[in-house]
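As structure tokens, the structure follows; a few thoughts come after it.
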Amino acid sequence: MEKELSKVYEPKKVEEKIYKLWEKSGFFNPDKLATRKKQQATSYTIVLPPPNITGSLHMGHALNAIVQDILIRKKRMEGFQTLWLPGTDHAGIATQNVVEKELKKEGLTRQDLGREKFIKRVWQWQEKYGNIILEQLKKLGASCDWSRTRFTLDKDYCQAINHAFSYYFKKGWIYRGNRVINWCPRCGSSLSDLEVEYKEKKGHLWYIKYPLKKNHKSQITNHKQIPNYIMVATTRPETMLGDTAVAVNPQDKRYKNLIGEIVILPILGREIPIISDKNVDPKFGSGAVKITPAHDFLDWEIAQTHKLPLIPVIDKNRKMTKETGKLCQGLKVSDCRQKVIEELKKQKLLEKIEDYNHQIPHCFRCGTIIEPLISEQWFLKMKNLAPKARMAVKKKEIIFTPKRWEKIYFDWISNIKDWCISRQIWWGHRMPIWRCQIGSKLKVKSSRLKVNEEYFVSVKKPKRCPICGKCNPEQVEDVLDTWFSSALWPFATLGWPKKRKAKSEKRKTDLEKFYPTDVLSTAPEIINLWVARMIFSGLEFMKKTPFKKVYIHPVVLTREGKRMSKSLETGVDPLDLIEKYGADATRFGLIYQIMGGQDIRFVEDHIIMGKKFCNKIWNASRFVLEQIGKPQNPNHKSQTNPKTQIPNLKQLTKADRLILKKLEDIIKSVNKDLENFRFGQASHTLYDFFWHDLCDKYIEQFKRQETRDKKEEVLLYVLLTSLKLLHPFIPFATEEIYQKLPIKNKGLLITEVWQ
RNA sequence: GGGCGUGUAGCUCAGGUGGUUAGAGCGUACGGUUCACAUCCGUAAGGUCUGCGGUUCGAGUCCGCACAUGCCCACCA
């Protein structure tokens, strides 16, 4: 290694070299760190939110990584055994999508390959691209313990999942249910509510006359005049074929005397009742709504309370079922709509059509329109899990920063529905559930069969069916929702559910040493999808919250304040920034903008500022080194150890005292800011101090002073302390400079003693 | 429809518990610099702090309303 700092600051050269130096030291691994902490906790843990294996680094990842790296680096310097555990997520549907797209280029579908070959293909993909984002994080300077990298489909991890699943199953919390679910016809899978995106689209509201059945007995007894039809308004006329009732609000005077009447469903001629339900809004449309329990969430709920039958009219391929009769069977939904409209017009039952904008559900992965349909799925009961998770945050066992995000969490967890955990895709953890053939035959006779009389849990195929003892059981085809696995991330990555070894303090397992973790830093959009689920999983399996603090980082928006999006090409690639300005500048420039919980509009100006700042640090350091190194200086004292000694105050000039006092102040404020996730504020403080107090004032004064008054000790002390404080933000340049400082017995700045 | 947030210099943003001439970076204008740094130094221009009303001796800062803008949630067919 060269002895002096190069004249020009070249981030690329420095960063490559320094990252290798750190990796060689092994200090990213907490086992290699001797703790300097005598009391309280000696470890400090963060688990990296596992990026999807489909992804490459984007601004959100970059920001999140910087935040976590700052926290980890500071704690490491403070003497904690720090673990920042990285890993990746198999990301069920997302990854399957990508590979299916690849196949499509070859003119193949996953069905062409078959399940086994397809999964092999996805594994090939994961081997090739799965860790790309982790490699990119290294460029940013992330000090993760790469030796502990995990993947949600690792063998150990699968064990954890099977363990968790069996546990829930034995508790009786997993059940099979008939529900209206969000079905994505393209992905061929159900989606949770959270995976559905609503987009406003122009549509129509169709007013359809449903004729009343004549000579119905109430018509004879009732003196009031009964009209010969009831008007129904709908946005989806084709679903009328599956109607099993018409509902009105019980308070609605217009329809009061029609409740209990029978109407004839147009086209199919089925007789269906008029019912009343408080969920019907009398102000909307005609005030009368058709009820299609098999294809609408609200309708399904109304059907439950009124015990209405359900008739599926749309199948999983978005084609009309045989229930729709000769007219429509086999048609696509859109064609069927045309047909139905035509027919209604013919029969003069279509009163009018209004323009109407409404929210259409789309698959948040592939953008296909969701088809709500009735389907058998697996559910996890939330009744026991959710309240505990709610209480943990209420009792401040977990603290959200910024605090307002708590509300999002509470709103969801307090009104939670059971979790649909099954997905009809191939890539993921296949449910460890088997079906007894005899049991399933019984099911046909008695729909009241309990889940454990038909299904049982087993990781491998059992030799004998544990239910009937003779059949050849079949494993359920479904895989688990991808969030089922990430919900276990904070402890499954640390070796759970392996039994602990009850040995000495020193032989603690990772799980004992590092769980619970300290901070979870993540994006706001997955508070409920992921954070909430980790909380109840952690509480259930570990009896402790998985983390103490949740930091929700701001969203990085475009300059115009819009979401950065790949498809719209409005994104900024952090790797481009690193290439152009260096990782240090990118880190500092980004974090400089993170003031409160406000989302940030990204502008490159701040990164340029970061680059200039790094250059300033570089050159100021070169100046200091030059002064200290000058042998002709009579005051030169190579024996001083600035690591521990604050220069003696008695011999100091006014300027010396001033800079030392100022330094003392900023140490306090930077510490305080970092403890409170005020990253931007801390970086502003450091910037101002280094540039304006140290360079503009102290160093300029130093240059003007008489030689005998100069205090190199002060200069070196202030520089060293600044480098330490700056290190979490600007790790590479500060380390490079530190390596050139004339200090005895020094190691690496990453393990230097923090203030 | 509900909730949350934002609106301060041309641009991107700071301005804990209300208190003297409202700050930074970038940009702009002018000047300087062999001796750490032109990725530098100095100076300057530029703001009715979205609007209206209120509380107060005093409000960018607290309260109400309005307008603008963004995000999240929701079963209005």
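Reminder, nothing fancy here: chain letters follow the sequence lines and each chain counts from 1. Just so you know, these numbers come straight off a predicted model, no measurement behind them.
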Discussion item. Is there, by distance only and without an angle test, a donor paired with an acceptor across the side chain of A/Q593 and the base of B/A14 below 3.5 Å?
Written reply: no
Worksheet entry | B/U43 pairs with, by Watson-Crick or G-U criteria that keep both distances under 3.5 Å | B/A29
Practice prompt. Can you tell me, in whole Å, how much space there is between the P of B/G64 and that of B/G3?
Written response: 13 Å
Worksheet entry | Beyond-backbone contact of A/P524 with A/V555, side-chain heavy atoms, under 4.5 angstrom | yes
Worksheet item: Looking across every strand, which nucleic acid part, if any, lies under 4.0 Å from A/K290 by heavy atom: base, sugar-phosphate, or nothing?
Response: nothing
Response to the item:
Among the nucleotides B/C41, B/C75, B/C72, whichever has the atom closest to the side chain of A/L298 is B/C75
Practice prompt. Find the partner of B/C37: check Watson-Crick (N1-N3 plus N6-O4 or O6-N4) and G-U wobble (N1-O2, O6-N3) distances, both under 3.5 Å, and reply none if neither fits.
Written response: none
Practice prompt. Could you check which nucleotide pairs with B/A22 in any of the strands shown, counting Watson-Crick or G-U wobble with both distances under 3.5 Å?
Written response: none
Discussion item. Taking the P atom in each of B/G15 and B/G27, what is the distance between them to the nearest angstrom?
Written reply: 24 Å
Discussion item. Whether the side chain of A/K7 and the base of B/A36 hold a donor-acceptor pair under 3.5 Å is what I'd like checked.
Written reply: no
Worksheet item: Roughly how far apart, to the nearest Å, are B/G19 and B/G58 at atom C1'?
Response: 7 Å
Practice prompt. Could you measure between the two C1' atoms, the one in B/U34 and the one in B/C41, and give it in whole Å?
Written response: 15 Å
Worksheet item: Using atom P of each nucleotide, how far apart are B/U20 and B/G60 to the nearest Å?
Response: 10 Å
Worksheet item: Nearest-Å distance, NZ (A/K611) to P (B/C40)?
Response: 11 Å
Fill in: Minimum-distance nucleotide (side-chain atoms of A/K612 versus B/C4, B/A77, B/C40)
B/C40
Practice prompt. Among B/A36, B/A77, B/U12, find the nucleotide with the atom closest to the side chain of A/R559.
Written response: B/U12
Worksheet item: Which nucleotide in the set B/U12, B/A36, B/G25 lies at the smallest distance from any side-chain heavy atom of A/V603?
Response: B/U12
Could you pull out all donor-acceptor pairs under 3.5 Å where a side-chain atom in residues 690-699 of chain A meets a protein atom, sequence neighbours excluded?
residue	atom	partner	partner atom	Å
A/H692	ND1	A/D696	OD2	3.0
A/Y698	OH	A/D656	OD1	2.4

Worksheet item: Is the shortest side-chain N to carboxylate O distance from A/E323 to A/R270 below 4.0 Å?
Response: no
Worksheet item: Salt bridge between A/E354 and A/K352, side-chain N to carboxylate O under 4.0 Å?
Response: yes
Discussion item. To check you understand the geometry: which heavy-atom pair defines the closest contact between A/F732 and A/A583, and what is its length?
Written reply: CE1-CB, 3.7 Å
Worksheet item: Less than 4.5 Å apart, any side-chain heavy atom of A/R236 and any of A/W206?
Response: no
Worksheet, complete the sentence: Result for 5'-nearest mapping on RNA chain B, choosing between A/K407 and A/S621, is A/K407
Worksheet item: Ignoring hydrogens and angles, does a donor from either the side chain of A/K616 or the base of B/C37 sit under 3.5 Å from an acceptor on the other?
Response: yes
Indicate every side-chain donor-acceptor pair of residues 608-618 of chain A with a distance under 3.5 Å to a residue at least two apart or in another chain.
residue	atom	partner	partner atom	Å
A/N615	OD1	A/N619	ND2	3.3
A/W618	NE1	A/S6	O	2.9

Practice prompt. Among B/A14, B/C75, B/G42, find the nucleotide with the atom closest to the side chain of A/D696.
Written response: B/G42
Worksheet item: Taking only side-chain nitrogens and oxygens of A/R601, does any of them come within less than 4.0 Å of OP1 or OP2 of B/C13?
Response: yes
Worksheet item: Between A/E736 and A/K740, is there a salt bridge with N-O shorter than 4.0 Å?
Response: yes
Discussion item. Please pick, from B/G25, B/A36, B/U12, the nucleotide with the shortest atom-to-atom distance to any side-chain atom of A/Y687.
Written reply: B/G25
Worksheet entry | Side-chain N or O of A/R404 closer than 4.0 Å to phosphate OP1/OP2 of B/C71 | no
Fill in: Most 5' of A/E301 and A/D411 on RNA chain B, judged by nearest nucleotide
A/D411
Worksheet entry | Closest to the A/C695 side chain, choosing from B/G70, B/C11, B/A36 | B/A36
Practice prompt. With P as the reference atom in both, quote the distance from B/G18 to B/G42 in angstrom, rounded to an integer.
Written response: 35 Å
Practice prompt. May I ask you to say what A/I699 touches in the nucleic acid, namely base, sugar-phosphate or nothing, with a heavy-atom cut-off under 4.0 Å?
Written response: base
Worksheet, complete the sentence: Out of B/C11, B/A36, B/C41, minimum distance to the side chain of A/W691 belongs to B/C41
Discussion item. Let's see if you can work this out: which of B/G70, B/C40, B/A36 has an atom nearest to the side-chain heavy atoms of A/R622?
Written reply: B/A36
Item to complete: Look at the side chain of A/T235 and decide which nucleotide, out of B/G25, B/U12, B/A77, has an atom nearest to it.
Response: B/A77
Item to complete: Would you indicate whether the side-chain heavy atoms of A/L308 and A/W300 approach each other to under 4.5 Å?
Response: no
Show the distances under 3.5 angstrom between N or O atoms of the protein and N or O atoms of nucleotides 61-64 of chain B.
none

